[in-house]
*Asks:* 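Sharing a structure with you now.
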Amino acid sequence: MPSMNVEVSHSMGKEAAMERLKSLMEKIQNRYKDQVKDIQQSWDGDTLNYSFKTFGLTISGSMLVEEDKVTVDGKIPIAAMAFRGQIENSIRDELQKQLS
């Protein structure tokens with residue numbers, strides 16, 4: 001499966017960033033309820049493991065929260081490769097909103 005990577009800088013420290021990101025998946029589900037389904041998330045220390053379905057395709061990966069940045073690594077289906085840039089931009093925009 002092809003990969004995607006998004007990195008967003010922040011200046012709030014790791015703990016504050018983690019607190020803001022704990023509700024991120026719920027906000028995404030509410031905002032994109034017609035497009036995003038079956039959201040799963042679990043925290044393992046400072047890493048959020050996630051998966052969700054959009055347009056019948058499963059997107060999964062992890063989000064590492066550090067003192068000054070959040071790094072998202074994920075896997076997207078080959079069928080979604082044409083939309084990889086759009087997916088990465090959407091994730092980046094959503095993270096910037098949460099971390100500003």
Side-chain angles (χ1 to χ4, degrees):
M1 225 182 254
S3 63
M4 65 173 174
N5 184 274
V6 175
E7 188 173 292
V8 174
S9 298
H10 67 83
S11 59
M12 62 180 51
K14 181 168 43 173
E15 296 302 319
M18 286 177 67
E19 278 303 311
R20 289 215 183 160
L21 293 174
K22 285 183 180 177
S23 64
L24 176 63
M25 291 298 178
E26 182 179 323
K27 289 178 182 178
I28 288 172
Q29 186 166 15
N30 289 337
R31 188 172 294 142
Y32 301 104
K33 60 184 165 197
D34 295 333
Q35 300 168 349
V36 176
K37 307 283 184 218
D38 300 332
I39 292 180
Q40 303 292 318
Q41 67 175 351
S42 64
W43 284 93
D44 181 15
D46 53 8
T47 301
L48 171 64
N49 297 300
Y50 66 88
S51 69
F52 60 89
K53 289 184 182 178
T54 182
F55 300 108
L57 303 171
T58 300
I59 310 289
S60 64
S62 63
M63 188 179 305
L64 174 63
V65 182
E66 298 179 74
E67 281 298 317
D68 60 350
K69 67 182 175 180
V70 174
T71 304
V72 179
D73 290 309
K75 301 288 183 196
I76 57 174
I78 291 173
M81 275 302 296
F83 304 104
R84 183 170 86 179
Q86 183 179 353
I87 293 167
E88 289 174 337
N89 286 336
S90 294
I91 291 171
R92 184 176 294 107
D93 291 347
E94 209 52 54
L95 283 175
Q96 288 172 337
K97 286 178 192 173
Q98 291 297 310
L99 299 172
S100 60

*Asks:* In terms of heavy-atom contacts, does CG of Asp44 have more than 12 from other residues, nucleotides or ligands at under 6.0 Å?
*Replies:* no
*Asks:* As a quick check of understanding, evaluate side-chain contact (heavy atoms from CB on, under 4.5 Å) for Asp46 and Glu66, giving each step before the final call.
*Replies:* CA-CA 8 Å; Asp46 53 8; Glu66 298 179 74; 5.8 Å; no
*Asks:* With rounding to the nearest 0.5 angstrom, report the CD1 to CE distance, Ile39 to Met25.
*Replies:* 6.5 Å
*Asks:* Grab the two heavy atoms, one from His10 and one from Gly13, that are nearest each other, plus how far apart they are.
*Replies:* CE1-O, 3.4 Å
*Asks:* Would Leu24 end up clustered with Met12 when hydrophobic side chains under 4.5 Å apart are linked, directly or stepwise?
*Replies:* yes
*Asks:* Sequence neighbours left out, what passes side chain to side chain donor-acceptor pair (under 3.5 Å) with Lys53? Give chain and number order.
*Replies:*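 Lys53 satisfies side chain to side chain donor-acceptor pair (under 3.5 Å) with no residue once adjacent residues are dropped.
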*Asks:* Can you name the closest pair of heavy atoms from Gln98 and Ser23 and give their distance?
*Replies:*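 In terms of heavy atoms, the two residues are closest at OE1-OG, 4.5 Å.
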*Asks:* Which pairs of donor and acceptor atoms, one on a side chain in residues 68-94, lie under 3.5 Å apart (sequence neighbours left out)?
*Replies:*
from, atom 1, to, atom 2, distance (Å)
Asp73, OD1, Asn5, ND2, 2.3
Arg84, NH1, Ser3, O, 3.1
Glu88, OE2, Asn5, N, 3.2
Asn89, OD1, Arg92, NH1, 2.9
Asn89, ND2, Gly85, O, 3.2
Ser90, OG, Gln86, O, 3.0
Glu94, OE1, Arg31, NH1, 2.7
Glu94, OE2, Arg31, NH1, 2.3

*Asks:* Look at the side-chain heavy atoms of Ile, Leu, Val, Met, Phe, Trp and Tyr, link any pair under 4.5 Å apart, and say whether Ile59 and Leu64 land in one connected group.
*Replies:* no
*Asks:* Side-chain contact, heavy-atom cut-off 4.5 Å: Val65 with Leu48?
*Replies:* no
*Asks:* Measure across Arg20 and Leu99 and return the closest heavy-atom pair with its distance rounded to 0.1 Å.
*Replies:*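 Closest heavy-atom pair between Arg20 and Leu99: NH1-C, 4.0 Å.
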*Asks:* Is Leu57 reachable from Ile28 through a run of hydrophobic residues whose side-chain heavy atoms are each under 4.5 Å from the next?
*Replies:*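 The answer is no; the residues belong to distinct hydrophobic clusters.
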*Asks:* Asn30 pairs by side-chain contact (heavy atoms from CB on, under 4.5 Å) with which of Lys33, Glu26, Lys27?
*Replies:*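 Between Asn30 and the candidates, side-chain contact (heavy atoms from CB on, under 4.5 Å) is satisfied uniquely by Glu26.
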*Asks:* Would you mind reporting whether Lys22 and Trp43 have side-chain heavy atoms less than 4.5 Å apart?
*Replies:*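 In contact.
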